[in-house]
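Owing to the predicted nature of the structure, the values given are computational and were not obtained by experimental measurement.
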Amino acid sequence: MTRPATGLASGPVPLLSVRGLARAFGGVQAVRGVDFDIGAGELLALIGPNGAGKSTCFNMINGQLRPDRGSIQLARPEGPRELVGLAPRTVWRLGVGRTFQIAAVFGSMSVIENVQMALLSHARELLAFWRPARARHRSRALELLAAVGLADQAEHPVATLAYGQVKALELAVALAHGPRLLLMDEPTAGMAPAERGALMALTRQLVTERGVSVLFTEHSMDVVFAFADRVIVLARGELIAQGSVAEVREDVRVREAYFGSGRLHGAPVNTERAA
């Protein structure tokens, strides 16, 4: 059985602690008193049926929405930092990155220019018009592109990339400011099964190497079951279950939330982690 649905990780101090998170839109309670933790270096999947409150949680964590109630604390060397009330830009500078369901890259620029723009922003150099931008942070941009397998595409226009390559570029852009926590909203949406497995295997490799934590939403259960360290489940805005992949897959409340009855299926993608 899944552990009680408190959503709280045990062990070392978590990187992110969410407590009592709530948000309503008019008469609709989108999120109701949600508690969960994200551990350092953890890939935590946030799943649930449509309308469960996943996107609302994401938008509150990165500052796009302000909760009606609750606390979102990010561990810092000097002590926990409350994120509620901070602008998205401030949350980003504190080390919380994000990728989106629809890739947020500049199609009119080259591949390397997209990464350079992210590095310029992190270095607060976007307004330094007197300095040629094309040469700035080029070596670091190439390192990031090499890490996601796009070094040979550096000078190509983004418009020439395949969709899976665009998502890999978005990952390089998200890593440009050295985030401690990466929020990935439906990272494999619109991708073929082989592309999904490749992108998530790359994500796991990169975050392991860099010690980054990841919170990701995903409708593809094969991705969740193959790559998540732990899973939390929302339904109707409430946290109904949390635990390992095996625990959540067999949880009666989770099966009922998705199907009303029956099993929660998901064929593992072809990766070492799924084996």
(request) Hey, could you give me the CG/CG distance between Leu215 and Leu16, rounded to the nearest 0.5 Å? (result) 8.0 Å
(request) Could you please spell out the steps behind the side chain to side chain contact (heavy atoms under 4.5 Å, CB included) verdict for Phe216 and Met200? (result) CA-CA 11 Å; Phe216 70 100; Met200 292 307 294; 4.2 Å; yes
(request) First locate atom CE of Met191, then atom NZ of Lys167, and finally report the distance between them rounded to the nearest 0.5 Å. (result) 7.5 Å
(request) Calculate, to the nearest 0.5 Å, the distance between atoms CG and CG belonging to Leu206 and Leu171 respectively. (result) 5.5 Å
(message) Looking at every heavy atom in both Ala168 and Leu202, which two are closest together, and how far apart are they?
(response) CB-CD2, 4.4 Å
(message) Could you walk me through whether Leu86 and Leu94 satisfy the side chain to side chain contact (heavy atoms under 4.5 Å, CB included) test, starting with their C-alpha distance in whole Å, then the side-chain angles of each, then the deciding distance to 0.1 Å, before giving a yes or no?
(response) CA-CA 10 Å; Leu86 300 182; Leu94 288 171; 3.7 Å; yes
(request) Output the distance between atom CG (Leu21) and atom CG (Asp35), rounded to the nearest 0.5 Å. (result) 8.5 Å
(request) Would you name the heavy atoms of Met184 and Val214 that are closest together and state the gap between them? (result) SD-CG1, 3.9 Å
(request) Could you tell me whether Arg253 and Glu256 make a salt bridge, using a distance below 4.0 angstrom between a side-chain N and a carboxylate O? (result) no
(message) Treating Arg230 as the side-chain partner and Ile38 as the backbone partner, does any N or O pair qualify as donor plus acceptor under 3.5 Å?
(response) no
(request) Indicate yes or no: at least one non-hydrogen side-chain atom of Thr90 is less than 4.5 angstrom from one of Arg93. (result) no
(request) Carefully, step by step, assess Arg180 and Leu74 under the rule side chain to side chain contact (heavy atoms under 4.5 Å, CB included). (result) CA-CA 10 Å; Arg180 300 169 62 216; Leu74 180 70; 4.0 Å; yes
(message) Just to verify, what does Ala154 make a side-chain contact (heavy atoms from CB on, under 4.5 Å) with, not counting sequence neighbours?
(response) Ile112, Leu142, Leu145
(request) For the pair Thr217 (side chain) and Glu186 (backbone), establish whether a donor and an acceptor sit closer than 3.5 Å, ignoring hydrogens and angles. (result) yes
(request) Look up atom CG in Leu199 and atom CZ in Arg204, then write down how far apart they are to the nearest 0.5 Å. (result) 13.0 Å
(message) Any heavy-atom pair between the side chains of Met60 and Val18 that's under 4.5 Å?
(response) no
(request) Report yes if some heavy atom in the side chain of Leu169 is under 4.5 Å from a heavy atom in the side chain of Val148; otherwise report no. (result) no
(request) Rounded to the nearest 0.5 Å, what's the gap from CG on Leu175 to CG on Leu119? Could you check? (result) 10.5 Å
(request) Write out all pairs satisfying side chain to side chain donor-acceptor pair (under 3.5 Å) with one or both partners inside residues 21-30, taking only residues at least two apart or from two chains. (result) none
(message) Could you check whether any side-chain heavy atom of Val233 comes within less than 4.5 Å of a side-chain heavy atom of Asp251, counting everything from C-beta outward?
(response) no
(request) Grab the two heavy atoms, one from Val224 and one from Val245, that are nearest each other, plus how far apart they are. (result) O-CG2, 3.9 Å
(message) For Val212, give me all partners under side-chain contact (heavy atoms from CB on, under 4.5 Å), at least two apart in sequence or on another chain.
(response) Leu182, Val207, Arg210
(message) Could you go through Phe36 and Gln242, starting from their C-alpha distance and side-chain angles, then the distance that decides it, and tell me whether this counts as side chain to side chain contact (heavy atoms under 4.5 Å, CB included)?
(response) CA-CA 9 Å; Phe36 65 88; Gln242 67 96 21; over 6 Å; no
(message) For Gln153, give me all partners under side chain to side chain donor-acceptor pair (under 3.5 Å), at least two apart in sequence or on another chain.
(response) His156
Output side-chain donor-acceptor pairs under 3.5 Å for residues 43-57, partner residues at least two apart or in another chain, one line each.
unit_1	atom_1	unit_2	atom_2	d
Asn50	OD1	His219	NE2	3.4
Lys54	NZ	Gly48	O	3.0
Lys54	NZ	Pro49	O	3.3

(request) Apply side chain to side chain donor-acceptor pair (under 3.5 Å) to Arg76 and list each qualifying residue two or more places apart in sequence or on a separate chain. (result) Glu78
(request) Please confirm whether the backbone N or O of Glu238 pairs with a side-chain atom of Arg32, one donor and one acceptor, at under 3.5 Å? (result) no
(message) Restricting to side-chain contact (heavy atoms from CB on, under 4.5 Å), what partner residues turn up for Gln64, sequence neighbours left out?
(response) Asn59, Asn62, Pro88, Arg98, Phe100
(request) Taking Ser244 for its side chain and Glu247 for its backbone only, find out whether a donor-acceptor pair lies under 3.5 Å. (result) yes
(message) Any non-hydrogen side-chain atom of Thr188 less than 4.5 Å from a side-chain atom of Phe227?
(response) no
(message) Test of understanding: with side chain to side chain donor-acceptor pair (under 3.5 Å), list the residues that count as partners of Ser17, not counting sequence neighbours.
(response) Asp37
(message) The criterion is side chain to side chain donor-acceptor pair (under 3.5 Å); which residues satisfy it with Ser213, sequence neighbours excluded?
(response) none
(message) Ignoring hydrogens, what is the shortest heavy-atom contact between Pro179 and Gly97? Give both atom names and the distance.
(response) CB-N, 3.8 Å
(request) Would you please name every residue forming a salt bridge (Lys or Arg N to Asp or Glu O under 4.0 Å) with Arg140, sequence neighbours left out? (result) Glu143
For residues 66-73, which side-chain donor-acceptor pairs fall under 3.5 Å, sequence neighbours excluded?
unit_1	atom_1	unit_2	atom_2	d
Asp68	OD2	Ala24	N	2.7
Ser71	OG	Glu82	OE1	2.6

